[in-house]
Every structure is written in structure tokens, then in C-alpha cells.
Protein chains: 2
Amino acid sequence: MVSIKDVAGASGLSVATVSRALNGHPSVSDGARERVLAAVESLGYRPNVVARSLRTDRTGTIGLVISDVLNPYFTELARSVEEEARALGYSVIIGNADERSDLEDHHVRGLLERRIDGLLVSPADGRSPMTLEAAAGPTPVVFVDRWIPGADAPVVRADGRRAIRDLVDHLHALGRRRIAVITGPAATTTGRERIDAFREALSAHGIPLPEDYIGRGDFQAESGRLATERFLDLPEPPDTVFATDNLMALGALDAIAARGLRVPDDIGLAAFDDIPWFTHTDPPITTIAQPTAELGRVAVRALAALIAGEPVASTVLPAHLVVRRSCGEAATPPQTDRAATGGAARE
Amino acid sequence: MVSIKDVAGASGLSVATVSRALNGHPSVSDGARERVLAAVESLGYRPNVVARSLRTDRTGTIGLVISDVLNPYFTELARSVEEEARALGYSVIIGNADERSDLEDHHVRGLLERRIDGLLVSPADGRSPMTLEAAAGPTPVVFVDRWIPGADAPVVRADGRRAIRDLVDHLHALGRRRIAVITGPAATTTGRERIDAFREALSAHGIPLPEDYIGRGDFQAESGRLATERFLDLPEPPDTVFATDNLMALGALDAIAARGLRVPDDIGLAAFDDIPWFTHTDPPITTIAQPTAELGRVAVRALAALIAGEPVASTVLPAHLVVRRSCGEAATPPQTDRAATGGAARE
DNA sequence: TCCCCACATGTAATCGTTTTCATGGGACGT
DNA sequence: ACGTCCCATGAAAACGATTACATGTGGGGA
């Protein structure tokens with residue numbers, strides 16, 4: 001590999017001058033700069049980022065550890081993170097934890113050893129020691145979507161409580177009374193928030209939530225299918241199922257279709273996270289949409305600020321209900337669809 | 001940050017011995033090893049991969065540049081690549097080219113500067129100079145899914161020709177005769193292969209393919225929608241649309257739904273790439289499935305072999321037709337989960 | 001007893017940059 | 001004409017690891 005020394009040799013200058021020329025240092029003569037560029041061109045020199053990072057202690061890279069790459073919600077998040085990071089001059093290394101805390105550990109450790117400038121993580125659960133260590137350590141960390149209570153790092157997330165209340169109002173208005181829910185892992189903040197908000201909203205309407213109507217899922221499709229089957233086997237099955245993420249909703253749809261039941265006539269279905277496919281399922285699915293891309297952008301900006309040494313506060317963006325047809329005929333066609341990220345609350 | 005020197009100091013040994021102890025070098029006494037590990041533990045030492053890479057000229061990282069992270073096909077590919085790479089001791093840095101060759105260029109350049117050990121790329125089109133340069137350069141490169149003819153790198157891909165023939169046979173058997181196609185960019189190998197094979201299969205049945213029945217897409221949803229609208233505006237619209245990837249099929253579905261038409265009665269739809277959602281659309285979509293995960297695994301193994309200096313040949317795996325209901329009655333009607341949209345008018 | 005070798009360890013060079021410090025030579029003000 | 005300052009440049013020291021080479025020590029074979 002051709003190094004800066006070769007460029008120095010070819011241009012008859014010292015490595016110091018070459019380095020300065022390449023980094024836009026002001027005190028380099030035009031002549032020198034030209035000779036350097038010519039040598040770079042003819043030798044095909046490409047700076048060694050590894051060496052540079054060692055010297056400068058900056059890698060120009062941020063890490064992103066997400067819970068599941070196959071989940072469209074997280075791919076959208078990853079995409080917006082990469083986009084914003086690129087705009088800010090950073091590269092992104094993505095680690096997929098697959099909802100496993102050992103994998104999360106593995107990736108966080110690897111990223112820290114790689115000396116990334118900052119870390120964005122959506123913790124699978126609170127059980128990854130490395131994640132806690134990272135949050136406590138010198139590398140800037142920002143939690144996105146999920147977080148670990150007590151860990152010392154800003155959080156960028158969406159608040160679904162209000163939207164869940166809206167959803168339950170909607171279901172109530174449609175006459176739904178036997179509403180079951182498929183939760184995420186109790187160890188995740190989003191898992192807890194969604195079931196808590198749901199329970200609260202139900203009780204506001206005086207609707208009970210029997211233990212049988214709570215399916216314990218893991219945010220992946222198969223768990224949604226299993227939970228739904230169990231619901232359908234009940235002596236008094238629910239008239240509506242609320243899956244607290246998009247993959248579990250997919251699993252629920254599977255289970256429902258396998259029994260030859262129809263949505264929404266035989267059973268209603270609502271989901272969390274809006275994804276393009278929900279428009280095309282049979283029927284289109286009523287769901288709660290997060291401002292996913294915005295979440296990613298805000299998180300990256302927060303991380304960049306942290307890296308720059310600026311103080312950073314947590315951010316909460318609102319999620320909102322998107323009514324389609326999977327719970328019955330829409331009462332009113334409000335169609336608040338998308339772009340509604342109006343007021344961002346700051347903590 | 002605590003470095004190997006601190007560990008050496010704390011354990012009363014030299015950096016050389018510490019390094020050896022940490023890397024499992026045989027000639028290190030048990031006593032020394034223990035003292036090193038104790039010091040590592042108490043100091044919270046974490047090796048600096050950047051420094052190691054500089055010295056060893058190995059980063060333990062491979063790059064993966066894909067065309068579109070939002071495309072489920074590529075996320076599945078990315079996932080299997082990461083999995084296999086991890087098993088082989090590599091980390092993966094993913095770059096999203098978003099079907100833009102300038103972004104592809106950007107990522108390939110960044111990855112090379114980062115001195116990745118090897119590069120997996122699915123070129124957006126042949127127009128990225130960096131990709132060509134990379135294939136010609138010293139860093140091992142393997143093309144996956146798509147490739148650049150003439151570039152000197154092994155290719156791991158699926159062959160869709162046979163499956164496309166099967167699809168056309170299927171359509172023909174169902175009486176479909178006015179079949180339109182939405183192609184990918186002519187600059188991509190997959191784009192060309194699919195339209196070529198399709199054209200060939202049609203002519204084997206004596207079915208014409210008028211120019212009007214060819215929609216030029218870019219593998220993204222919006223282009224599928226536009227192409228389909230144009231088809232539907234034709235004086236004699238097609239009775240079937242074949243979208244050559246899953247996102248364009250989604251767009252086609254959009255356009256069809258927007259006109260209140262029903263699939264497959266009013267118009268048939270077939271796709272390329274199988275994804276979980278195709279089971280849940282209305283109706284489930286007949287498509288051509290690639291062995292996506294296997295593709296990722298094979299590609300990583302090929303790259304690892306290349307890195308190890310072993311000779312590597314290109315690999316072609318077969319794709320196959322998956323018949324569902326979007327083109328008309330399935331050959332084998334196993335279950336009665338139809339019923340659904342009985343006579344209900346839509347929209 | 002002596003020699004040789006293997007073993008455990010240390011010293012120092014090295015990887016490719018950036019950056020501090022030193023230096024020489026104009027340009028400019030007086 | 002002289003001192004001052006700045007500007008362009010170079011030499012060399014880092015950064016944190018790995019590793020070739022050197023060194024001392026102890027054990028085993030002759």
C-alpha cells in the first residue's frame with residue numbers, strides 16, 4: 001500500500017508538508033500543494049484512516065446497536081441514522097442484537113474496542129453489562145427508542161401513551177370490549193410503557209384486562225402468532241388484539257388467517273409501528289405510528305453534540321394513531337397520516 | 001484511556017509479555033498470565049483495535065455495500081452476512097447506497113480507507129469508479145447479487161432464469177396473455193437478466209411483449225406505482241403485471257388499489273423476491289424466491305477464502321417460483337382461507 | 001562438569017499518520 | 001541597515017499495539 005511517505009518522496013517534500021497539504025492546513029504554498037496533489041493522483045494514494053485515528057483519537061465513526069435488523073421499524077431508524085450521520089461527516093457501524101443481550105454485549109464491546117466516537121443503542125433489555133459500562137464510561141452514548149432506566153445517557157424516544165389512549169378510545173367507540181394485548185419483553189422500556197399505557201387507558205373506560213388477555217411476546221413474529229393462537233383457544237376469545245409492535249402483528253395475522261377468520265369482522269387487530277406494508281395487508285391495519293426517521297436524526301444530532309462536549313437533554317417525540325380498517329369501519333376519517341411531529345417535548 | 005502500558009505497569013511486566021499473554025502466545029508463564037488478567041480486570045483495560053490494526057494490517061472487519069436498506073431482500077441478505085461473518089470472527093460495516101452510484105462510491109471509498117479486510121458489494125450500476133477500482137485493487141472483493149461484468153472479482157448470485165420460465169409457464173397455464181413487466185435499471189445485471197429471461201420465456205410461448213408493456217423501474221416502490229399507472233391507462237391494459245422486485249410490486253399494488261381494481265380478478269400480479277409480507281397482502285403474492293440467506297453465507301465464505309489467499313470461484317444458486325393467489329387460482333388449492341373479500345365492495 | 005537449547009521475558013523497531021518544535025528566509029516597519 | 005515577525009518547511013515525537021531479536025536462566029544429555 002502506498003503511504004504518505006511515498007507521496008513525500010515523489011513530491012520531494014516532507015511527510016509533514018504532505019499531511020498539511022492534504023488536511024487543508026493554511027500555511028502550505030500553492031506550489032507544494034499542487035505537487036502533493038499530483039503525486040497523490042499518480043500514485044493512487046489513499047490515506048490510512050487507521051493510522052490517522054490512532055494519532056488523533058477520533059475515528060469519525062459512530063456505532064448503532066439495534067435490536068433486530070429484520071424489523072422494518074429498525075431498518076427505517078438505521079437508515080435515517082446513517083443519513084444524518086453522513087451529513088455530519090460520520091460513518092456508521094451497525095450491530096444487530098437480534099433481541100439477545102449476549103449479542104448486544106458482543107457488539108457494544110466490539111464497537112468500544114474499535115474506538116468509535118460515540119454509540120447509539122437501543123438496548124434489548126437491561127441485562128447487557130457492557131451497555132451499562134459503556135453508558136458509564138468515557139465514550140458518549142445516546143439511547144434511542146429504548147433505554148435503561150438509571151443509566152447515565154440521554155434518551156431519544158417516542159412517547160406512545162397518548163396514542164395508545166387514542167387507540168383505546170377508537171376501539172371503545174367501535175364497540176370493542178374484549179381487548180387482548182400482546183406485549184413486548186417486560187425487560188424493555190417500550191414493552192413496559194405500552195402495556196402500562198394500555199392498561200391505564202382500558203381502565204379509564206372501565207374495560208377489564210383479564211390475565212388471559214395478556215400475551216407475552218418478544219417483539220418478533222413467532223411470539224405474536226403463538227399468543228394469538230392462545231387467545232383464540234380461550235372459551236371467550238377477545239374481539240380485538242393489540243400487538244405492540246409490527247412483527248407481532250404480522251404473527252397475529254398469520255394465526256388469524258390459519259383459522260380462516262376474517263379481520264375485522266371476526267376479530268379486530270391493531271398494531272404499533274407503522275410500516276408501508278400495513279397499507280397492503282388484508283385489511284389495512286390500524287396502528288400507532290412513530291416519527292421514526294425523525295427519531296434517528298435527533299438521536300444522531302444529540303450524539304454529535306455529546307461528542308463535541310456540549311450538554312444534551314433527552315428528547316421525547318409524540319407517536320400518533322393511524323386509523324385504517326382492521327378494527328372495524330373508521331368512525332371519523334381524520335387521517336392525520338404522517339408528518340405530524342409537531343411539538344417535541346424536552347425533559 | 002487505559003493502554004497496554006498501564007497494564008504492564010500494574011502487573012510489573014513488560015508490554016511485550018502483556019501482549020503475548022492477551023493473545024494466547026504459548027511461551028507465557030501461568031503466573032504472568034494471571035497477573036496480566038488481574039491487571040486487565042482491575043484497570044478495565046480494553047485493547048485498542050485501531051492500534052492493533054495499524055500494526056497487523058488486519059482490521060477484522062469486512063464491508064458490505066448494498067443498494068437499499070429499506071428493501072427487505074437486502075436486509076435479509078445483510079443479516080445473514082453479519083451472522084456468518086461473526087461466526088468467522090469478522091465484524092461487518094454496512095453501507096447503504098440507496099440505488100445511487102455516488103453514494104456507492106462514497107461508501108466504497110470510505111471502507112477502503114478504513115482498511116477493511118475485504119469488501120462485499122452489490123453494485124447499484126456499473127457507474128461507480130471506486131467499485132471498479134476496488135475490484136482491481138489489492139483488497140479482496142466479492143460481488144453479491146449484482147455484479148459488474150468484466151470486473152475481476154468472484155460473484156455470488158442467484159439465477160432467476162429458470163424460475164422466470166416457470167412463472168411464465170404458470171401464467172400461460174392460467175390463460176394470461178397480455179403480460180406486462182416492470183424492469184429494474186438496465187444498468188444492473190439483475191435488471192437485465194430478469195427482463196431478458198422474461199422476454200425469452202414469453203416468446204417460447206408465442207406471447208408478444210409490446211414496448212408499451214415494459215415499464216422501466218428502479219427497484220424502488222414509487223417507480224412500480226408509476227409504471228403500473230401507465231399500464232392501466234393504456235387502451236388495452238395488461239391482464240398481468242410482473243414486477244421484478246418486491247418494492248416495485250408493492251408500488252404496483254398501490255396503483256392497483258388506488259383504482260379500486262381487484263387482484264387477481266381485474267389484474268394479476270407477480271413479483272421477484274419473496275418476503276414475509278407477501279403472505280399477508282390481499283391477495284398473497286405469487287413470486288420468485290431467492291435463497292437469500294444462503295447467498296449471504298456463501299458470499300462471506302468466499303470473501304474469507306479470498307482474504308486467506310485461497311482461489312475462489314463464482315457461485316450461482318437457483319431461485320424458484322412460489323405460487324400464491326395473485327395471478328389466479330393456485331395449481332393446488334389446499335386450504336379454504338379464501339372467503340375473505342367475498343362480495344364486499346372495496347373503497 | 002560442560003554445552004546447548006528451550007523457555008520466559010525484555011528491548012526496541014515498526015505500522016502511517018498528525019503535530020509540536022525548530023529553522024531559515026523573506027517582508028516590513030523604522 | 002537592522003531587528004522583528006511570519007510563513008513555509010522539515011525533523012522527530014507521539015499514538016498503542018505486535019513482533020523480531022536479544023538476554024538470562026535452568027535443565028538435560030554427553
Side-chain angles (χ1 to χ4, degrees), chain A residues 1-37 39-40 43-61 89 109-117 138-139, chain B residues 1-37 39-40 43-61 89 109-117 138-139:
Chain A
M1 270 278 168
V2 27
S3 84
I4 198 172
K5 266 183 212 151
D6 304 313
V7 176
S11 61
L13 292 162
S14 71
V15 290
T17 304
V18 174
S19 171
R20 280 189 278 253
L22 260 28
N23 293 318
H25 190 284
S27 107
V28 170
S29 70
D30 291 348
R33 199 182 315 276
E34 275 167 32
R35 279 192 289 160
V36 167
L37 293 179
V40 164
L43 295 177
Y45 168 72
R46 201 163 300 294
N48 185 329
V49 174
V50 174
R52 171 184 300 160
S53 298
L54 177 59
R55 180 59 229 249
T56 60
D57 203 32
R58 284 190 15 110
T59 53
T61 301
R109 169 175 295 110
L111 290 167
L112 289 182
E113 289 181 353
R114 242 173 207 92
R115 295 298 196 269
I116 46 161
D117 295 341
T139 305
Chain B
M1 271 279 169
V2 27
S3 84
I4 197 171
K5 266 183 213 153
D6 303 314
V7 177
S11 59
L13 293 161
S14 72
V15 291
T17 304
V18 173
S19 172
R20 279 189 279 252
L22 261 29
N23 292 321
H25 191 284
S27 104
V28 170
S29 70
D30 291 348
R33 198 182 314 275
E34 276 168 32
R35 279 193 289 160
V36 167
L37 294 178
V40 163
L43 295 177
Y45 168 72
R46 201 162 300 295
N48 186 329
V49 173
V50 174
R52 173 185 299 160
S53 298
L54 177 60
R55 180 59 229 252
T56 60
D57 205 31
R58 285 189 14 111
T59 53
T61 301
R109 168 174 296 112
L111 290 167
L112 290 183
E113 289 182 351
R114 236 169 216 98
R115 296 297 197 269
I116 46 161
D117 295 341
T139 305

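The chains referred to below are lettered A, B, ... by the order of the sequence lines, with proteins before strands, and numbering in each begins at 1. Computation of the quantities below employed the complete heavy-atom set of this structure, encompassing side-chain atoms and omitting hydrogens, waters and symmetry-equivalent molecules.
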Discussion item. What verdict does the side-chain contact (heavy atoms from CB on, under 4.5 Å) test give for Arg52(B) and Glu113(A), after you've listed the backbone C-alpha separation in whole Å, the side-chain angles of each residue and the deciding distance to 0.1 Å?
Written reply: CA-CA 10 Å; Arg52(B) 173 185 299 160; Glu113(A) 289 181 353; 5.5 Å; no

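- Listed pair Ser29(B) / dA8(C) fails the phosphate criterion, with no side-chain N or O lying under 4.0 Å from OP1 or OP2.
- Taking 4.0 angstrom as the limit, Ser14(A) places a side-chain polar atom (N or O) nearer than this to OP1 or OP2 of dG10(D).
- Checked against dA17(D), dT9(D), dT17(C), the side chain of Ala51(A) finds its nearest nucleotide in dT17(C).
- Distance Met1(A) CE to dT14(C) P: 21 Å, rounded to the nearest Å.
- Each of Val40(A), Val28(A), Asn23(A), Val7(A) was checked for a side chain to side chain contact (heavy atoms under 4.5 Å, CB included) with Val18(A), and the lone residue meeting it is Val7(A).
- Rounded to whole Å, atom P of dA8(D) lies 9 Å from atom CG of Asp30(A).
- Put simply, CZ on Arg114(B) and OG1 on Thr59(A) are 7.0 Å apart, with the number rounded to the nearest 0.5 Å.
- One donor-acceptor pair, N or O on each side, does fall under 3.5 Å between the base of dT18(C) and the side chain of Arg55(A).
- Within the 4.0 Å cut-off from OP1 or OP2 of dG16(C), not a single side-chain nitrogen or oxygen of Arg52(A) is found.
- Between atom CG of residue Leu43(A) and atom OG of residue Ser3(A) there is a gap of 9.5 Å, rounded to the nearest 0.5 Å.
- Distance from the side chain of Ser19(B) is smallest for dT19(D) among the nucleotides dT9(C), dA11(D), dT19(D).
- Within 3.5 Å, a donor on the side chain of Arg20(B) pairs with an acceptor on the base of dG10(C), or the reverse.
- Regarding contacts with the backbone of dT18(D), a side-chain N or O of Asn23(B) is found under 4.0 angstrom from either OP1 or OP2.
- Of the side-chain N and O atoms in Ser3(B), one or more sit less than 4.0 angstrom from OP1 or OP2 of dA17(D).
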Practice prompt. For side-chain contact (heavy atoms from CB on, under 4.5 Å), just list the numbers for Arg46(B) and Met1(B), CA-CA rounded to whole Å, side-chain angles, deciding distance to a tenth of an Å, and then say yes or no.
Written response: CA-CA 9 Å; Arg46(B) 201 162 300 295; Met1(B) 271 279 169; 5.9 Å; no

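- Here the nucleotide nearest the side chain of Ile4(A), chosen from dT19(D), dT18(C), dT9(C), is dT18(C).
- Rounded to an integer number of Å, the gap from NE2 of His25(A) to P of dA8(D) is 10 Å.
- Nearest to the side chain of Asn48(B), among dG16(C), dA17(D), dG10(D), sits dA17(D).
- Between Arg115(A) atom CZ and dC15(D) atom P there is a gap of 13 Å when expressed in whole angstrom units.
- One atom, NZ of Lys5(A), and another, C1' of dT18(C), lie 13 Å apart when rounded to the nearest Å.
- For Thr56(A) and dT18(C), the shortest distance from a side-chain N or O to OP1 or OP2 is not below 4.0 Å.
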Item to complete: Please test Ile4(A) against Ser19(A) for side-chain contact (heavy atoms from CB on, under 4.5 Å), starting from the C-alpha separation and ending with a verdict.
Response: CA-CA 7 Å; Ile4(A) 198 172; Ser19(A) 171; 3.8 Å; yes

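- Of the candidate nucleotides dT9(C), dA12(D), dG10(D), dA12(D) has the atom nearest to the side chain of Val15(A).
- What separates CG of Leu13(B) from P of dA8(C) is a distance of 13 Å, to the nearest Å.
- Regarding Asp6(A), its CG atom lies at a distance of 13 Å from the C1' atom of dC15(C), rounded to whole Å.
- Taking side-chain N and O atoms only, Ser27(B) has no distance below 4.0 Å to OP1 or OP2 of dA6(C).
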